[in-house]
Amino acid sequence: MNRYLELFLQSFKDFASYTWHEITFQVHPWYVNYFWWLVVLSLVVWILEIKFPWRKDQAVIRKDFWLDAFYMFFNFYIFKLIIFMAASNVTAELFKDLVGGDLHKLALVDMRRFPEWIQIVVFFVLTDFVQWLVHVALHRYPFLWRFHKVHHSVEEMGFAAHLRYHWMENVFYTPVKYLAVLLIGNFQPEHAYLVYYFNIAIGHLNHANIKLTYGPLRYILNNPVMHLYHHAFELPEDRPNGMNYGITLSIWDYLFGTNYVPEDSGKIRLGFPNIGQFPKRFWGQLWYGWRKDA
Ligand SMILES: [Zn+2]
Ligand SMILES: [Zn+2]
C-alpha cells in the first residue's frame with residue numbers, strides 16, 4: 001500500500017511540475033504543450049462563435065460562461081493533476097501486480113509491428129468507441145446519470161460547455177479506456193498527442209454556437225448540430241435515455257441507430273426535467289451526485 005501511495009505522490013509532483021513547465025513555455029518540443037493548446041483553441045473557437053453565431057441572439061458572454069471557463073481549468077489542470085496522472089500510474093502499477101509484471105502480456109495484438117499512422121488511427125477509433133459505450137452507460141444507469149447531469153445542466157450552449165463535467169466522469173472513463181488500450185495493445189505512437197488535440201478541437205466545436213455539419217462527413221464526425229440534440233430537454237418517446245452519444249466520431253450512433261437530428265434551427269430547449277432544482281453553482285454541482293435525494 002505504501003508503494004502505491006508513494007507512486008501517487010510522486011506522480012502528483014511530476015504532473016504539477018510538468019504543468020508549470022507548460023505554462024512557462026519550457027516544454028520540448030514546443031508543440032506538445034497542452035496548456036497553451038487549450039488556451040489558443042478556446043480563443044479561436046470563441047472568435048468563430050462571435051463572428052459566425054448560429055443563435056444570433058445569444059450573448060457573447062452567455063449564461064454560465066464563467067462557470068464553464070472555471071470547469072475547463074479545474075477539470076484540465078487542477079483535477080487532472082490528481083486523478084489522471086497519479087491515479088492512472090497507480091492503476092498501471094496495480095494491473096502490473098495483477099498480471100505478474102508484464103503488462104504487454106495482456107495485449108491481443110502487438111501494435112508495435114504496424115506503422116505509426118496505423119497505430120494512431122487504431123488508438124483513436126478504439127478509444128473513441130469505448131468512450132461512446134461509457135457515455136451510453138452514463139445515460140442508462142441512474143447512479144452514473146446523476147454525475148453526468150452536470151454536463152447536461154448547460155442551458156445556453158457555447159464552446160466552454162465542453163469541459164463542464166463532474167470529475168467522477170474521469171473515474172468512469174479512464175479505467176475502461178486504459179483496459180481497451182492494454183488489450184489491443186503495445187501502442188507506442190510517438191504522436192498520440194495529435195489524437196488528443198483533435199478530440200479536444202472537435203469537442204470544443206461540438207458545443208460551439210456555430211452551425212457546422214461538415215457536409216457528408218457528418219456521418220463520421222460528431223458536429224454542433226448533432227450534439228445540440230444530445231443536450232435536448234425533450235426526448236422523443238422512443239428514446240427515453242437520449243441519443244447522439246458520439247464523442248468525436250458520429251459513426252457509432254449511425255451504426256447502432258442512436259442518431260437523431262430532426263432539424264437544425266439551433267433553438268431547442270436544453271437540459272432535463274426538474275433542471276430548476278439542479279444546483280447552479282460549482283460546489284453544489286460537485287456535491288449533487290452524492291446526495292441522497294439526487
Ligand atoms: Zn451525455
Ligand atoms: Zn455535450
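In listed order, ligands and their atoms are each counted from 1. Position 1 is the first residue of the sequence; numbering continues from there.
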Subject >> Lys/Arg-Asp/Glu bridge criterion (N-O < 4.0 Å) met for Asp64, Arg164 >> reply: yes
**OP:** Say whether Phe73 and Tyr165 are linked into one hydrophobic cluster, either directly or through other cluster members, by side-chain heavy-atom distances under 4.5 angstrom.
**Re:** yes
Subject >> N, O or S from His151 under 2.8 Å to the Zn ion (ligand 1) >> reply: no
Original post:
Parallel, tilted or perpendicular for Phe143 and Trp290, by the 30°/60° rule?
Top reply: perpendicular
Original post:
Considering only N, O or S atoms, which atom of His227 is nearest to the Zn ion (ligand 2)?
Top reply: NE2
Original post:
What is the ring orientation for His139 with His152, classed by angle as parallel under 30°, tilted 30 to 60°, or perpendicular over 60°?
Top reply: perpendicular
Subject >> Closest approach of Ser250 to Met226 (non-hydrogen atoms, all atoms of both residues) >> reply: CB-SD, 3.6 Å
Subject >> the Zn ion (ligand 1) - name of the N/O/S atom of His152 that sits closest to it >> reply: NE2
Original post:
Below 2.8 Å, any N, O or S contact between His162 and the Zn ion (ligand 2)?
Top reply: no
Subject >> 2.8 Å cut-off met by an N, O or S atom of His231 to the Zn ion (ligand 1) >> reply: no
**OP:** Let me know which of Tyr288, Trp145, Phe147, Tyr173 forms a ring-ring contact (aromatic ring centres under 6.0 Å, His included) with His166.
**Re:** Phe147
Original post:
Can you give the angle His135 NE2 - the Zn ion (ligand 1) - His230 NE2, rounded to 10°?
Top reply: 90°
Original post:
In His139, what N, O or S atom is nearest to the Zn ion (ligand 1), if we give its atom name?
Top reply: NE2
